[in-house]
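What you see is a predicted model; the values in this text were computed from it and never measured. Throughout, protein chains are lettered first and strands after them, A, B, ... in sequence-line order, and every chain is numbered starting at 1.
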Amino acid sequence: MAVCIAVIAKENYPLYIRSVATQNELKFHYTVHTSLDVVEEKISSVGKALGDQRELYLGLLYPTEDYKVYGYVTNSKVKFVIVVDSSNTSLRDNEIRSMFRKLHNSFTDVMCNPFYNPGDPIQSKAFNGVVSGMMVQTG
Amino acid sequence: MAHEAPFQLLHSELIHYICKTADGADSENGRSVTKLENMGFRVGQGLIERLTKDTARFKDELDVMKFICKDFWTCVFKKQIDNLRTNHQGIYVLQDNKFLLLCHMSAGKQYLEHAPKYLAFTCGLVRGALSNMGVKSIVTAEVSVMPACKFQVMIQKL
Amino acid sequence: MSRQSNRTTDSKKMNSELFTLTYGALVTQLCKDYENDEEVNKQLDKMGYNIGVRLIEDFLARSSVGRCQDFRETADVIAKVAFKMYLGVTPSVTNWSPAGDEFSLILENNPLADFVELPDNHSTLVYSNLLCGALRGALEMVQMAVDVKFAQDTLRGDGVTEIRMKFIKRIEENLPAGDE
Amino acid sequence: MAGSQWDLPPELCCRPMAFVALTGLDVVYNAVHRAIWDAFCANRRADRVPISFKVLAGDHEYPKCRTKRTSYEWYIPKGILKTGWMNKHLNLVPALVVLFYELDWDDPQWKEKQSECATKVEIVRTSLQGRNAKVAVVLIQKKTPLPPGEDLVASERAQALCTACDLSGKSLFVLPHTDHLVGYIIRLENAFYEHAQTYYYTEIRRVKSHKEFLNKTTHQLLFVRHQFKIAFFSELKQDTQNALKYYRTAYSLVHELRAHETNMLEIKTMAGFINYKICRLCFQHNTPLDAIAQFRKHMDQCKKKIGCAELAFEHSAWMSKQFQSFGELFDEAIKLGLTAIQTQNPGFYYQQAACYTQDRKQLAHQLCQAGASYPSPDPLDTQSGGLDFYGQRPWRQGHQSIDPQDAEKEKVGILALQIKERDVPHSELIIALLGNAVAQFKKYKCPRMKSHLMVQMGEEYYHAKDYTKAFKLLDYVMCDYRTERWCALLTDILSTALRCAYLMASVKDYILYCMELLGRASDLKEEQKSRIEKNLLKVLMNDVPEPEPDCDPSSVGAARSLWTDRMALAGSNEMTIEVQDYIPFIQCKAKFQSPSFHVDQPIQLQVFVRADCPHPVSFNKLSVSLSNQEYNQWCVAESSGQEDMTLLPGKPKRYRFSFVAKTEDVGKKIEITGIELMMGSDNGRCVFLSWRGAGGDAASAHEALQSSRSSRRWARGNEAHPELDWDGITLQNSTMIISRVPKISVVLSHQPPILTNEMYCIRLAVQSQEDAVARDVQLTTGLKPGQDANLSQTTHVTLDAFKVCDDSAASLLPDVPLGDLQPGGTLEKCIYFRCGSTGPRVFLFHVAYSVETAVEGRQIICKCHKDETVTIDTLVPFDVSVKFVSTKFEPLDRVAVDIPFLLLTDVVSSSPWPLLLASSSLQLLTLTSNTPQLQSQLQEVVLQTAECATECFCLRCPPGTNDNNTVATGQYLISWRRQSSNPDGPLIQTTVTLPHIILESVPVYIYADLPSFGRVRESLPVRYHIENRTSLVQEVEMAVEPSDAFMFSGLKQVRLRILPGTEQQMLYNYYPLMAGYQTLPQLNINLPRCQSSNTQALKRFLPQRIFVKPQGRQPEDASIAAA
């Protein structure tokens, strides 16, 4: 279960950030923002790497003392970032993957909503619902 | 949902509507063609997003182009692009020898003038798809003999 | 090529998506062009009509359905054949009026409205109104004047999407089709 | 610096090396010894064995060795590791003591020296009481030794010396003090190294041997201690593999110790030490992943071991240090060639260290209550001045039981520590660590991480009240967040920056950040925004703003006074903000109503302004600056004027400007170079927001793009003009001034085509529809520029109707004044064109004038112009053909000298219009006219299209012109004009150059005189003249052949001579017999003297036939009679 989920535009500005209410929201903004360094590095190294399987899932971006940050990039260069508590060791890699899949599917639907203007912040209720499903329930 | 009748009819309604409303001030159909193009753009964005959901990340521009010519075209127009050429300097020419949206128009010179209207949406479609893949471009189409047509994609380097 | 994906399978689905998205683009364009939702609804109905009158030929050609005996049969053909053929869904036919001249098509999911989320400032927009026009137009071509409208719409928070159809009259053969 | 309490001891961090003591060397006064010592110390590179040498006095006191305890029965250890231990074995207790002694084998007093040496050895031995350290002797000798075995004395005396000093042979060395010193030294030290190895080996054995005496219950501390010692000795022995092994066991043992409040610190300290050693060795063995894994494990195990709650900050301090020193190890390893990656580099550890120091700081703030005075006696000082064991409390050293034996002491001690913690400069530590981290992340391509850390640094500086530095850092990174559009983060940074600005009372920055925090890029709550807005307005009123919330109260006081000073000092109250780098709360867009304006219509310019702040805000002045400053005056709106300068939140306001362009700016472009909006007032403080170009700030570009794609409907319904939807407004930053539309018509009347060289007249009529007088109308006309170059050579324009202009006339006539033109009036003008070559030409008629009109009630004089062009083809007027014929109209291919012939000219008109041929003339060269004075036969002839006029001239080539070559004939001149053209207009001379002719000469010329006709049966006298044209006497044979048509009298055949230049005449009387055209009797001529010339040529001159009339009614006998 995630403590923060973010969608980042092609141009690296946030389209959607949601974090558990209890903790300092700003901190997560910073965490997500800094994680983009790694994302960009991974993206740019496509093709350079010898055995590069060009997966959309970027895996663990970097571990901090208290969080694990995972990344995923769509072919449209939109990034998803999921932050989980590093104390939460139960979470398996493929669970993270499936979370990203869910996100991606829901995001695609948002993109297909004719009333949504790509590049604008995401306000979709449906998307919000999907995200809520993945967040650590608090209070 | 076996076939594309509804889409084709919708498409021609689209053109009919746009060109009808375009009369008066901006009757020169340049403006209405732009409108069609923009609608196509938005649709292209959405389609490619769905279409590339399960594919591996693209290596480069050419990789994207190929995808447009094969998968994308197949899904939208039921066939692949017949011929893709490039000068390796950001210009690609996609040729479709039997373009779906022109098939129902009887070949013949008198229709050639209407061709732009029937291609604008598709130009937008391609441009939108590419732009969503991070490839900024200008897409133009030309018809010499119906129902064959060429789409020229000019990549805009940033 | 590197990505020989099994696209062919979902290409049908893609095509429906192409249709859905294109329709979406049309609706938003109309919303830009017209002052209020009422006019948009009207325009959609009109375009639906134009599509309907053309689509019916295609329909009769593909489906080998003959002339319908009564309105009930018509309802079934619409639901089981037409909708299936063109939208890939089969609405249920219910709520017959005692006189048998009025019924509802209940759509569990409405392909036109996949992905759509109506913004608040379009509360009175009947997003899928094209369908009404199409039905009206198509039936008119087989000498049936009907009145079609949305009774419920999931987009506006209803549980299901319901299209209400009312039979008005038979049109005499020689009468020309109504205006467009 | 403080916090050093947490630094790792140097003896832990250094690389342990075998310790060898050198005695008997006098490095001060003895040069030889000095040299030896230097050889040992100098350049100890990696290739030399790792030994640390020390020179000690022969009688040096080594640390005493405690008496070995025989049993651990009642022994209770007081701690894990003595603080002195490591240092002892690194620097105090040698593995080997080497005695240097000067002695050659053949020394005269061998005996004495030998015994002295023995005693020295003995002294050393005693001072090493109980240590296993070895002793070795080095004999410094002057002579180079003979190869082993040869020097019997040597071997025998060596033997003796060994026994005397009771040394094994292996411990006696010879050092010949010769030129190969270094070589010998290296051999020596290798030998020493072996000795050291064995020494440490035995030490390890010794420590191990204790093991069996130990029991699990009371001696856990010893288990750890021993493992550590073994590991350490192994390191000294350079056996790092085993060292690592033993350290690992030691580490696990540490964590097996029963941990409680009192010994927690000791355990953590030792754990930290051992962990350090392990990581260090892992890196050394180039297994960084092991190092990292070990460190993680270490941290996981210790994270929760906080220990004494009142001293929680100690734990954070310790944690921080752990991370820091690991970071340093990592960094060091990288310097030695290890490669790190973006996601695993020392930066993360420094960052984490910083994090823990931040915790430490917080805890310190919570726990160290101010006020309490430092207890005395100082519970922290110990009689020894230091601790006996690592990580113990000064006030209860060696105390190992669970609960402190003296609660009071405990409290005092803790208090002391807390008070000490108070004056630790935490921020310094944090900033230093962050600094290290920044350096690392910079290296490993993490720009965002870097800026994030810099933000933290900035905040730390802020907390440390170093506002200037804080401000610098924040301001530096701000733009990154702005350009990447992370509003939440930007807002956060801005808020801190604003606080700094407030506390420094830096007015400009304060205003700047207020403006941005009010703007759309900030996600502040409404109430915060309105608070900030209030402050901003205050500052603009030159008033002191309210302090920002949660500013440190102490500094707020200072800030207040700073502000009051600022406000007091006059001047410097103006400031300008370049908007394009920020996202201020006032947005601005400008557009010209149209991309071009005619000079006689007012130029309209709209400026849209919008404020995003919560409350209405008003400004004082809005001014647009244009590329041509003279117009700026018209584009100013001021609060003094009737304009309403108050902006309602989110409601765009439009300001319309319009001005009249200068007539001289026609054809120029006017650009908006900038827009300036003034807030505040001169008496208060005024801020100029200045936009570049037609507005827009750091964020607008993106917004424009988004809105262009947006599906949103422009402002719905009639509640607003559609254009007042903010995103809908598009910039139009420049406009063209184009000349006024002319109100005249230009009509051309003429008769195309042009005939070559004629003076072609085009009548130009300018009619005015102006309602004012069109002044100085000017015509520029002629060949339209930009056509084929040589057209301009052959085209000429003139206004003079009366003479043909020559080639000097230009192809374009500029600015022909036509005078003024009254309203409704018409001006006419004829222009004449002469074209020397055929083909189409484009002619330009550019009519310019100036007229006075009123724009916005202002009278302006503006120039207008109208262009007309016409394309006219040029044709030749007529074709002239010429031929030469004989007097008998037979075409001639050559002309005989001095014999008349005819020239015929045909003039065929190709003009569609009638031509008047005024006259024609010949200009002859060499030839002469046969007729006395020839005059034109086609005067005043009018030729219709395709009609032809022919002339005939009789010419001859004068004698003496050298024959047998061609000569120029001359020219044929025709002067003409269109019949329709003005009678007293000029005539055009067309000159046709006549073809050359080929001359020939004949030796004899013959011709006949005869009447123009004969009559049947009437005599017809024919006289033949024969001239000799040569300079010789010519003989001529003549014969007349009989003919049926004639009878004749005269010599039938004759032979005669003709003198040069003379002529002979022969008279014949022919008598025609039949009427009609009759061939005259053939006259055959033969020139025997010159066969060259053919007689046929001569025949050409003679008449062939004659017309014979039939006989008349009454016969004329006279004629017969005459016969």
More than 12 heavy atoms of other residues, nucleotides or ligands under 6.0 Å from NZ of B:Lys98: yes or no? no
Heavy-atom distance under 4.5 Å between the side chains of B:Arg50 and A:Asp109, does that happen here? yes
Cut-off 4.5 Å, heavy atoms of chain B, and the answer for A:Asn113 is backbone
Minimum heavy-atom distance between A:Cys112 and B:Gly46, given as atom pair plus value: SG-O, 3.8 Å
Dump the intermediate steps for side chain to side chain contact (heavy atoms under 4.5 Å, CB included) on B:Arg42 and A:Asn117, then the final yes or no. CA-CA 9 Å; B:Arg42 180 65 184 85; A:Asn117 180 25; 5.6 Å; no
A side-chain contact here means heavy atoms from C-beta on lying under 4.5 Å apart; do B:Arg57 and A:Leu58 qualify? yes
For A:Phe80, check ring pair (Phe, Tyr, Trp, His ring centres under 6.0 Å) against everything at least two apart and list the hits. A:Tyr72, A:His104, A:Phe107
Heavy-atom closest pair, residues B:Thr52 and A:Asn75: O-ND2, 3.2 Å
For a quick test of reading the model, state the closest non-hydrogen atom pair linking B:Ser131 to A:Lys10 and the distance between them. O-CE, 3.6 Å
Measure the spacing between OG1 of B:Thr55 and CG of A:Leu56 and express it to the nearest 0.5 Å. 6.5 Å
